[in-house]
There are 2 protein chains.
Amino acid sequence: MCLNPAERPDAAPRSAIRAAAEALFAENGIDGVTTRTLAERAGVNTAAVNYYFGSKDNLALEVFRDVARRSVRRRLDNLARIEARARAEGRAADLAELVEAFVDAYVNEDSPRSGLLLAHLVLRHRVRPTAWTRAIVREELDGFALRFIAALRRAAPHLDAREVHWRYHLMVGAMIMILSDQMADGRMKRLSEGLCDPADRAQLRRQLIGFLVAAFGAPGNGARPEPAP
Amino acid sequence: MCLNPAERPDAAPRSAIRAAAEALFAENGIDGVTTRTLAERAGVNTAAVNYYFGSKDNLALEVFRDVARRSVRRRLDNLARIEARARAEGRAADLAELVEAFVDAYVNEDSPRSGLLLAHLVLRHRVRPTAWTRAIVREELDGFALRFIAALRRAAPHLDAREVHWRYHLMVGAMIMILSDQMADGRMKRLSEGLCDPADRAQLRRQLIGFLVAAFGAPGNGARPEPAP
DNA sequence: ACATGATTGAAACATGTGTTTGAATCCGGC
DNA sequence: GCCGGATTCAAACACATGTTTCAATCATGT
């Protein structure tokens with residue numbers, strides 16, 4: 001009756017597989033998860049993954065596309081709220097508000113996994129770009145990035161377009177890497193002898209925001225060549 | 001006569017393989033290179049890789065350990081020079097000098113590939129930590145990181161140890177990610193419609209340094225909880 | 001209760017890829 | 001000139017892992 005099981009989001013094994021995939025991808029990365037361990041964790045047969053999702057790549061696409069959408073949605077909401085409030089007060093949104101709105105989608109207590117997953121997606125796309133990572137980046141993330149960069153430009157009139165672009169990407173980089181620190185071997189915690197821990201969300205948030213707001217506040221240097229010292 | 005070909009750094013095929021590995025790893029990432037394509041590029045038989053290096057992992061270890069050592073060496077030299085000059089002038093090294101010394105090892109015209117390779121190593125360690133990436137990070141990079149953090153602490157007396165640690169890792173993250181942008185699909189160039197290009201080393205250097213120096217210059221907020229808005 | 005299509009399960013299949021093999025070849029020293 | 005180890009080569013091997021098969025089972029509508 002139902003010809004395509006891939007289009008039945010209500011099927012129980014289907015959501016079991018998705019849940020297991022989300023958990024395992026966050027724990028071990030995409031390449032650290034085999035269809036067999038995935039099926040075992042979901043309590044289904046190995047073939048079920050392909051039966052319900054077509055392929056492992058397709059499953060990853062679906063999981064990560066969802067994560068990307070949730071994150072973008074949350075950041076767009078934050079952005080809209082901030083701009084509405086600023087407009088109501090007859091001013092432009094300021095940098096601190098914007099940076100906080102951006103960071104919030106990665107670092108929030110509600111779904112601590114989604115930040116990790118999103119970070120993993122972006123890193124994975126850098127290390128080993130594939131058709132499905134590229135699709136998510138272009139279809140889900142690029143549009144938001146441009147929208148956010150436009151907001152940043154209004155909030156940072158001391159910078160030209162070029163500089164805002166650079167700093168946006170530097171911001172994303174700093175955030176992704178600090179988030180992914182805990183994915184590997186917890187380098188920061190180890191080097192700081194326990195002083196700094198990215199799993200401490202409040203600390204992470206405070207440090208990130210302080211760092212980034214100051215970085216965006218730096219005066220621009222235009223396209224002029226580096227001045228002699 | 002020579003029992004272990006793995007310890008003959010002078011053998012011609014050996015260095016051909018190493019050179020090919022360095023080039024291909026920078027172009028396609030470690031996982032994007034098979035022993036077969038590697039051997040083909042080096043003009044040797046497939047078995048030669050294992051004959052001279054034991055295993056692909058061993059080859060990667062050797063290549064990336066070298067890259068890490070070169071980079072650390074260069075940064076330690078920069079650091080020593082800066083601190084000597086500052087001492088001669090009866091002052092402490094300042095943040096701008098230190099940041100520039102750090103960035104320089106990734107972004108220098110002499111060996112444009114080593115920055116890419118180092119970035120790839122770190123990213124790969126985040127996405128898929130393995131014994132050999134961990135070995136390099138711990139044995140080659142951690143010591144330098146602590147040394148550099150100590151220098152930063154002297155240059156930034158307005159920050160406590162915790163904040164310097166955080167910012168060091170945020171700095172590394174921003175740099176690694178901006179460098180790796182060109183490895184994947186050149187996202188920054190695409191989104192900025194050609195305005196920003198990380199392959200433009202002078203621009204990259206200028207933007208990175210401006211961003212990071214300002215970020216380090218931000219006042220610390222201690223360990224106090226976030227002040228109410 | 002039956003028929004029919006959806007789902008499950010164990011096993012096999014396909015393939016990419018690191019690695020090893022064993023014979024052939026090269027090369028230096030006696 | 002020949003011997004022995006070092007090197008090269010094509011081929012085979014090993015094996016992890018994504019995917020497919022096909023029969024067994026389940027569920028549902030009549």
Side-chain angles (χ1 to χ4, degrees), chain A residues 1-22 24-25 27-64 124 127-133, chain B residues 1-22 24-25 27-64 124 127-133:
Chain A
M1 196 166 282
C2 185
L3 292 179
N4 189 359
E7 290 164 13
R8 282 197 47 202
D10 54 310
R14 193 171 207 285
S15 29
I17 293 168
R18 268 212 47 156
E22 214 164 299
L24 284 173
F25 287 164
E27 286 167 29
N28 307 110
I30 301 158
D31 302 321
V33 180
T34 69
T35 54
R36 284 169 178 80
T37 65
L38 178 55
E40 190 183 3
R41 173 84 151 247
V44 302
N45 186 275
T46 315
V49 175
N50 293 279
Y51 183 72
Y52 283 101
F53 291 91
S55 68
K56 186 191 176 186
D57 270 10
N58 229 314
L59 168 61
L61 172 67
E62 195 166 305
V63 167
F64 283 98
R124 166 61 197 256
V127 171
R128 192 152 234 302
T130 58
W132 66 268
T133 60
Chain B
M1 197 166 284
C2 185
L3 292 177
N4 188 358
E7 291 164 12
R8 281 198 45 201
D10 53 310
R14 193 171 206 283
S15 31
I17 293 169
R18 268 213 48 157
E22 216 165 298
L24 284 173
F25 287 163
E27 285 166 29
N28 307 109
I30 301 158
D31 302 320
V33 180
T34 68
T35 55
R36 285 171 177 79
T37 64
L38 178 55
E40 190 182 5
R41 174 84 150 246
V44 301
N45 185 274
T46 315
V49 175
N50 294 280
Y51 183 72
Y52 284 101
F53 291 91
S55 68
K56 186 192 177 186
D57 271 9
N58 229 315
L59 168 61
L61 173 65
E62 196 165 304
V63 167
F64 283 98
R124 165 63 199 257
V127 171
R128 192 151 235 300
T130 58
W132 65 268
T133 60

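First the proteins, then the strands, lettered A, B, ... as listed; each starts at 1.
Atom CZ of A/Phe53 and atom C1' of D/dG18 are 16 Å apart (whole Å). Atom C1' of nucleotide D/dT20 and atom CG of A/Asn58 are separated by 16 Å, given to the nearest angstrom. For the pair A/Leu38 CG and D/dT17 P, the interatomic distance rounds to 13 Å; values are reported in whole Å. Atom CD of B/Glu40 is separated from atom P of D/dC9 by 13 Å (rounded to the nearest Å). Rounded to an integer number of Å, the gap from CG of B/Leu59 to P of C/dT17 is 16 Å.
Look at A/Glu22 and A/Arg18 and you find a salt bridge, because one of the NZ, NE, NH1 or NH2 atoms lies within 4.0 Å of a carboxylate O, short of that distance.
Put simply, A/Asn45 has no side-chain N or O that comes within less than 4.0 Å of OP1 or OP2 on C/dT7. Note on A/Tyr51: every side-chain N or O is 4.0 Å or more away from OP1 and OP2 of C/dA6. Note on B/Thr35: every side-chain N or O is 4.0 Å or more away from OP1 and OP2 of C/dT17.
Side-chain proximity of B/Ala47 to D/dC9, D/dT8, D/dT19: nearest is D/dC9. With distances taken from any side-chain atom of A/Thr34 to the nucleotides C/dG18, C/dT8, D/dG18, the minimum falls on D/dG18.
Pairing each heavy atom of A/Arg41 with each of A/Leu24, the nearest pair is NH1-CD2, 3.2 Å.
Taking 4.5 Å as the limit, some side-chain heavy atom of B/Trp132 sits within range of a side-chain heavy atom of B/Ile30.
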*Output, in order, the C-alpha distance, side-chain angles, deciding distance and verdict of side chain to side chain contact (heavy atoms under 4.5 Å, CB included) for A/Asn28 and A/Thr37.*
CA-CA 11 Å; A/Asn28 307 110; A/Thr37 65; over 6 Å; no

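Comparing A/Arg36 and A/Ala48 by the nucleotide of DNA chain C that holds the closest heavy atom to each, the one mapping nearer the 5' end is A/Ala48.
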